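This chain uses plain numbering: 1 for the first residue, then up along the sequence. Computed from a prediction, not measured in an experiment: that's the story for all the values here.
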Amino acid sequence: MRKLLLVISVFLLSGCLGMPKYVEPVNNFELNRYLGKWYEIARLDHSFERGLSQVSAEYSLKDDGGVMVINRGFSSEKNAWKEAEGKAYFVNGDTEGYLKVSFFGPFYGSYVVFELDHENYQYAFISGPDTDYLWLLARTPTVPAEVLQKFVDMSKARGFNTDDLIYVQQK
């Protein structure tokens, strides 16, 4: 019985660490270049960001080698900022854009960087464990039209429903 509970616990705790079938993490990922502030340009809707504008994510190093994540967005309904602090760790190695992130204790979800401006680290396309989770992040509150189109095209080709994208108001 203990063995069965252990297997179930491991399955539940790691069950969100997959990635969509056609998504592959970038290689040659450089965490130090990725750290800092990113603006959310577009996303698929989900409960923990519903109704938020001016959304950003801030990444910094933790003492244990992981990454501290601070997500922040403004709720016009509540006329207040909402903030969540999490932690992230590499899944396979620090040169692959595949991390596990947690905002809720021992429960982790996938954070897969599947496209990245390797030259300047100005934009990143992010997936979660399945095609329900998708983000376009950038170092600036707006991106050129060609970056947005590339995001839509690449995401659609990987099975995401890009018709449901929310384009985040940054100001």
Side-chain angles (χ1 to χ4, degrees), residues 12-20 23 25 31 33-64 66-89 91 97-117 121-156 158-171:
L12 289 173
L13 292 176
S14 65
C16 293
L17 288 184
M19 64 185 81
V23 169
L31 178 60
R33 294 182 69 198
Y34 197 81
L35 297 174
K37 186 172 184 172
W38 292 83
Y39 294 90
E40 188 178 88
I41 305 302
R43 70 170 180 262
L44 288 177
D45 193 26
H46 45 80
S47 61
F48 49 92
E49 282 188 286
R50 189 159 292 137
L52 296 182
S53 62
Q54 301 178 57
V55 179
S56 65
E58 183 100 23
Y59 303 99
S60 60
L61 284 178
K62 291 173 52 71
D63 291 339
D64 66 0
V67 179
M68 179 184 293
V69 181
I70 307 264
N71 287 345
R72 191 168 193 252
F74 186 76
S75 169
S76 57
E77 181 182 314
K78 295 182 180 178
N79 195 32
W81 288 93
K82 181 178 174 184
E83 190 172 284
E85 183 176 320
K87 57 190 174 189
Y89 298 92
V91 175
Y98 181 26
L99 296 97
K100 60 182 184 177
V101 65
S102 174
F103 291 92
F104 313 106
F107 302 101
Y108 284 86
S110 293
Y111 183 100
V112 185
V113 181
F114 68 91
E115 178 62 10
L116 178 65
D117 169 24
Y121 278 62
Q122 292 299 299
Y123 65 82
F125 304 169
I126 314 298
S127 168
D130 56 45
T131 56
D132 291 333
Y133 299 93
L134 177 68
W135 295 269
L136 165 54
L137 302 180
R139 294 293 189 175
T140 55
T142 60
V143 295
E146 56 270 13
V147 171
L148 193 55
Q149 190 60 55
K150 181 178 182 180
F151 172 69
V152 170
D153 292 345
M154 287 185 72
S155 299
K156 189 172 193 170
R158 284 160 178 74
F160 294 93
N161 184 356
T162 56
D163 292 337
D164 289 344
L165 282 171
I166 293 170
Y167 296 93
V168 181
Q169 177 189 351
Q170 284 295 339
K171 275 291 176 180

M68 versus I70, closest heavy-atom pair with distance
SD-CD1, 4.1 Å
Interatomic distance, CD@Q169 vs NZ@K171, rounded to 0.5 Å, equals 10.0 Å
Fit a plane to each ring of Y133 and H46, take the angle between them on a 0 to 90° scale, and name the class: parallel (under 30°), tilted (30 to 60°) or perpendicular (over 60°).
tilted
Quick check: does any side chain N or O of R139 sit under 3.5 Å from a backbone N or O of K37, one acting as donor and the other as acceptor?
yes
Rounding to 0.5 Å, atoms CZ (F103) and CZ (F48) come to a distance of 7.5 Å
Which value, rounded to the nearest 0.5 Å, describes the distance between W38 atom CH2 and I126 atom CD1?
7.5 Å
For S102 and G105, work out which heavy atoms get closest and say how close.
OG-O, 2.7 Å
Looking only at heavy atoms, what is the nearest atom pair of D130 and F160, with distance?
O-CE2, 3.9 Å
Check whether any side-chain heavy atom of L165 lies under 4.5 Å from a side-chain heavy atom of F151, and answer yes or no.
yes
Partners meeting side-chain contact (heavy atoms from CB on, under 4.5 Å) with D164 (sequence neighbours left out):
L44, N161
Look up atom CG in L99 and atom CG in L31, then write down how far apart they are to the nearest 0.5 Å.
7.5 Å
Salt bridge (charged side-chain N to carboxylate O under 4.0 Å, His left out): which pairs involve residues 73-88, sequence neighbours left out?
R72-E83
Identify the two heavy atoms, one from V113 and one from A124, that lie closest to each other, and give their separation to 0.1 Å.
CG1-CB, 4.3 Å
Between R43 (side chain only) and E49 (backbone N and O only), is there a donor and an acceptor less than 3.5 Å apart?
yes
Minimal heavy-atom distance between V112 and G128, with the atoms involved, is CG2-O, 4.4 Å
After noting the C-alpha distance and the side-chain angles of F74 and N79, does the key distance pass the side chain to side chain contact (heavy atoms under 4.5 Å, CB included) rule?
CA-CA 7 Å; F74 186 76; N79 195 32; 3.2 Å; yes
E40 to Q170 - nearest heavy-atom pair and separation:
O-NE2, 2.8 Å
Once rounded to the nearest 0.5 Å, what's the spacing between atom CD of E115 and atom OG of S127?
13.5 Å
For K62, does the NZ atom sit with more than 12 other heavy atoms under 6.0 Å from it, leaving out its own atoms?
yes
How many angstroms lie between atom CG of L17 and atom OG of S110, to the nearest 0.5 angstrom?
5.0 Å
